[in-house]
Amino acid sequence: MSSPLLEVTDLHVRIGGSHILQGVGFTVAKGGVTALLGRNGVGKTTTIKAVMGLVRSTGTITLDGAAIGGARTFAIVRRGVGYVPEDREVFAGLTVGENLRLARLDGADRWDLVFDLFPELKKRLGQQAGTLSGGQQQMVSLARVLLNDHRLLLVDEPTKGLAPKVVGEVADALARAAEIATLVLVEQDLKVVRRLAGDAVVLDHGQVVHTGDAAALLADEELTRRLLGVGMSEGAA
Amino acid sequence: MTQSQPKKAALGPAALGAIALAVAAVLPLIPVGVKGIMPGPFSTAGTLQLLAVCLVFGALALTYDLVFGRAGLLSFGHALFFATGVYACNIAIVHAGLPFVPAVLVTLVVGAAVAALVGALSLRVKGIAFAMVTLAFAQAASVLVLLNPGHYTGGEEGLGLDATAIPRAFVGVVNTRNLYWLALALLVLVYAIVRWTARSEPGRAAEALRENEQRATVLGIASFPVRLLLFTVAGTLATLCGIVYLLAIGSSTHQVTDSHFSLTVLVMVVLGGLGSRWGVVVGGVLYHFLDDRLSALATTAFVQDLPAVLRAPLSQPLFLLGVIFIVVVLFLPGGIAGAFGHRTHQAAAIEGLLGRFRRAPKPG
Amino acid sequence: MSTVILLAVTGLALGALYFLIAAGISLAFGLMHVLNFAHGAFLTIGAYAGYLVASGGGDVGTGRFVLMLAAGTLAGALAAVVTELLLIRPLYGNTHAQLLVTVGLSLALVALIEELAGSDARGYHSPGWANATTEIAGSAIRGSRFLAIGVAVLVLAALVVFLRRTRYGLIIRAGVENRSMVTALGIDVRRAFTLVFALGGAAAGLGGVIAGSYFGQVEPRVGTGLFIYALIVIVIGGLGSLTGTAVAAVLVGLLQQFLNYYAAGVGDLSVLALLALVLLARPAGLFRSTAS
């Protein structure tokens, strides 16, 4: 076994008096997609934000063996971690082109890949990102990280609120992304999880309650219902 | 931080307060002074006037703490209400010919109205924009006073107080000790009202809003009326402080309308320790005392022996106070009260303001 | 008619001064929510730096005046960078303490300048053309008015080009909108902020020399006096919006100048009335900031 790409140990986050993460620990192996699952409000987004240094946390976080806990967000990104936030967070007042140029770090040049994945964006480079549809904004958000040579991508609910057809396109893009980087994916749509994820980490009440093979988890209707509150059949709209 | 528990004193805070009050009350009867620090023995008029103004500023700092410390509203316009007291009362006596007591009552009504109006307008914006707006409105007083419409304010020269119109007990050098006691009574009164207000329903609601506006709003607290009420109560009390200041100084001068004065009220409170009632009183008293005495200190041998590069800035009290203030903010965020292990709201207030600008991460 | 033109040009020039000081405050606030109370003092520092260059001896010609402008700009930028590194940066993330620390700095700086330069106003040296008047439609207008307007327009244009055409400009525009997402793209926003602060300080310092030639004198509180009106301009224009700041600066300058013509102080009060109106009708300012 090679050392894991991301290792999180005993992660705690407290925000405004609430103890949101209570000792989260998991590892993410190099390559493939690890799904971070759980009901609403169990701490998935907070876990991602803690890894990114966007919320204050205690515990250890290592990337390829080197500690990144406590580092500033921009420095964590510079070490090869890309972040696709929940709700996309594109810069509405900037154009699509400006959003992408802003995100492109020194030396990175994956314009071909990005435009191959999202030909739509190439046509809309001059358009204000705020006027794009939700699906197009998600493409911008994904394209921003795919432009760079990141080792690890943290992708938070990329299909949330998207039309079924667009969900498919986003999933295709994530599949391509998984070929060039390791993915940690927070996702409610279990069909997408089943298609992409190798491993699964399930959170509940700020703690990890299950880790293992994603397909095996989803195959167990009873376990899925207990851990995620939904079954495979109703989980995918 | 300032979270450490207060040290167990041999005497409770109430007993310490009573002792401090008793000492303050008998001070004018003591014919000795502290050489080099006091301008003269405690019983002399000069010292008593200085101390009276110190006490007024202690009271003013208390009223400001209600706005900033309790409600978490960073107002830069609090001096406006103080200036309203200083000017409106004098104008009511000199120009409207009102007797003293009706003039005081009219002034308090005017002060409350001005505070309610400024509060209602300024509370439409939050956080640092609120600070900007309140500072701007405080500027109105400065403009009005210097504009001197109808020669009501006396402009640059100021407006002298008509000694015949105010109670005999507060007129003349021999009665300075009465002024001192009046200032002490003001401080006690303001302390009682501020304490009562802070513990009242609206006071606690304002505190809840400061701690976590979202949570408080969910609990059904309407932020605007609660904040406006505290702002108005504090403004009216500041007007009362202004009236006593007018009696102590004997005239209305435009310095109290200056934007610098607005800032110094803030300095007093932060210096003393935001959210600690005794702390801010000490801050207000100490601020004026230092402001007054630093120029005297600058003539001491210690400062005189310094090279000119160091001596020059040291002879400007505001320079020293500004630097002290910076040092306190950087290294002693709990102020004087915090340094004595008293738990202050400084840290909480800072977090509270921060929360408005940072999007709180949602668990999910 | 001639009075109207005179008041309009003078008002525009006053607006130009407000813009020079407000632009930096607005950008710094937009990006980091830092309100720098010492910004007015930066203008004063710039004004005195120019004064020192002018008092080197002899008449002030255009060449010397350009040196004065450069000295003011440099002094303002330097003061801003030192302030940012020593006082603002250690309190990063604590906007409240950052504001307080600049309040203390503002008090201390004004007192220091009063001690060093005296609290009385001093005559300000400008080249002959700045004091000479030009006849426009019957009204005699001093050169310093056109100078102020011209410099402010140039600064505005330079800032717009900087924000639109450079990578740092892109970072700043994105940061005003959503700072944490910019850092999450691997960009050190603090470096961009230091630059913003320096640029704001430079504009204020330049404004100091312009203010000196506009008023014909300099005194230790010139910057803090203008600062309050700059804040009004920023709130009216919309926090963090450069366009809003520019438009509001012109609006406030004109309003103040025209109404002060009837009685000194009426214009100042009407500006406050305008602020009250804006707060009632559009609390976010005339030009909504994308940051909010």
Side-chain angles (χ1 to χ4, degrees), chain B residues 74 76 117-118 120-129 131-133 135-140 142-144 146-149 258-260 263-264 266-267 270 312-330 333 346 349-354 356-359 361, chain C residues 25 29 32-35 37 40 86-87 90-91 93-116 178-180 221 224-225 227-232 234-235 239 263-269 271-273 275-276 279-280 283-285 291-292:
Chain B
L74 181 48
F76 277 96
L117 181 68
V118 169
L121 284 170
S122 307
L123 283 168
R124 292 182 64 82
V125 290
K126 285 183 176 171
I128 287 183
M132 297 187 191
V133 170
L135 181 71
F137 284 129
Q139 180 73 7
S142 175
V143 174
L144 261 180
L146 291 178
L147 185 60
N148 197 9
D258 196 89
S259 63
H260 265 223
L263 300 187
T264 55
L266 173 75
V267 173
V270 175
L314 287 182
S315 43
Q316 280 279 348
L318 256 185
F319 176 78
L320 280 176
L321 286 166
V323 171
I324 291 172
F325 182 67
I326 291 171
V327 170
V328 166
V329 173
L330 282 175
Q346 198 101 321
I350 287 167
E351 292 296 313
L353 264 182
L354 250 187
R356 292 181 198 161
F357 297 118
R358 278 203 186 147
R359 265 196 269 166
Chain C
I25 306 170
F29 185 84
M32 289 296 214
H33 288 126
V34 170
L35 173 59
F37 252 82
L86 292 185
L87 298 181
L91 296 169
N94 189 340
T95 53
H96 187 169
Q98 285 170 328
L99 171 58
L100 296 183
V101 97
T102 59
V103 166
L105 181 66
S106 143
L107 293 175
L109 278 179
V110 171
L112 188 63
I113 295 169
E114 278 186 356
E115 178 64 28
L116 296 176
N178 182 348
R179 186 175 72 231
S180 76
R221 294 190 178 210
T224 33
F227 175 75
I228 292 173
Y229 288 96
L231 289 188
I232 296 173
I234 291 166
V235 174
L239 291 163
V266 172
D268 304 0
L269 289 178
V271 166
L272 292 164
L275 173 68
L279 286 176
L280 284 174
S292 55

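We name chains A, B, ... by the order of the sequence lines, and we start the count at 1 in each one. Quantities reported herein were computed from a predicted structural model and do not represent experimental measurements. Hydrogens, waters and symmetry mates play no part in the numbers below; they use all other heavy atoms, side chains included.
Highest contact tally toward chain B, considering only L109(C), V271(C), L87(C), V101(C), is held by V101(C) [criterion: heavy-atom pairs under 4.5 Å]. Listed options V133(B), I324(B), V267(B) were ranked by heavy-atom pairs under 4.5 angstrom with chain C; first place goes to V133(B).
Nearest heavy atoms, I228(C) versus S259(B): CD1-CB, 3.4 Å. Taking every heavy atom of both residues into account, V125(B) and P283(C) meet most closely at CG1-O, 3.4 Å. Scanning all heavy atoms of the two residues, the minimum distance from A136(B) to L272(C) falls at O-CD2, 3.0 Å.
A 4.5 Å side-chain heavy-atom check between Q139(B) and Y229(C) finds at least one atom pair inside the cut-off. A heavy-atom distance below 4.5 Å is found between the side chains of L239(C) and M132(B). Considering only heavy atoms from C-beta on, I128(B) stays 4.5 Å or farther from H96(C) through its side chain. With a 4.5 Å cut-off on side-chain heavy atoms, Q316(B) and L116(C) do not count as touching.
Both the backbone and the side chain of V323(B) come within contact range of chain C, each with at least one heavy atom under 4.5 Å from a heavy atom of that chain. Only the side chain of L99(C) comes within contact range of chain B, with heavy atoms under 4.5 Å apart. Looking at N148(B), neither its backbone nor its side chain comes within 4.5 Å of chain C, counting heavy atoms on both sides. Heavy atoms closer than 4.5 Å to chain B are found in the side chain of L91(C), but not in its backbone. Both the backbone and the side chain of L279(C) come within less than 4.5 Å of a heavy atom of chain B. If you measure heavy-atom distances from L266(B) to chain C, the contacts under 4.5 Å come from the side chain alone.
In this structure, CG on L144(B) lies 5.0 Å from CG on L269(C), to the nearest 0.5 angstrom. For the atom pair CG (L107(C)) and CG (L320(B)), the distance works out to 12.0 Å, reported to the nearest 0.5 Å.
Among L263(B), I326(B), V329(B), the single residue meeting the side-chain contact (heavy atoms from CB on, under 4.5 Å) criterion with L100(C) is V329(B).
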- Could you give me the CA-CA distance, side-chain angles and deciding distance for L135(B) and L231(C), then say whether side chain to side chain contact (heavy atoms under 4.5 Å, CB included) is met? CA-CA 9 Å; L135(B) 181 71; L231(C) 289 188; 3.6 Å; yes

- Query: Yes or no on side chain to side chain contact (heavy atoms under 4.5 Å, CB included) for V103(C) and F325(B), after CA distance, side-chain angles and deciding distance?
  - Reply: CA-CA 9 Å; V103(C) 166; F325(B) 182 67; 4.3 Å; yes

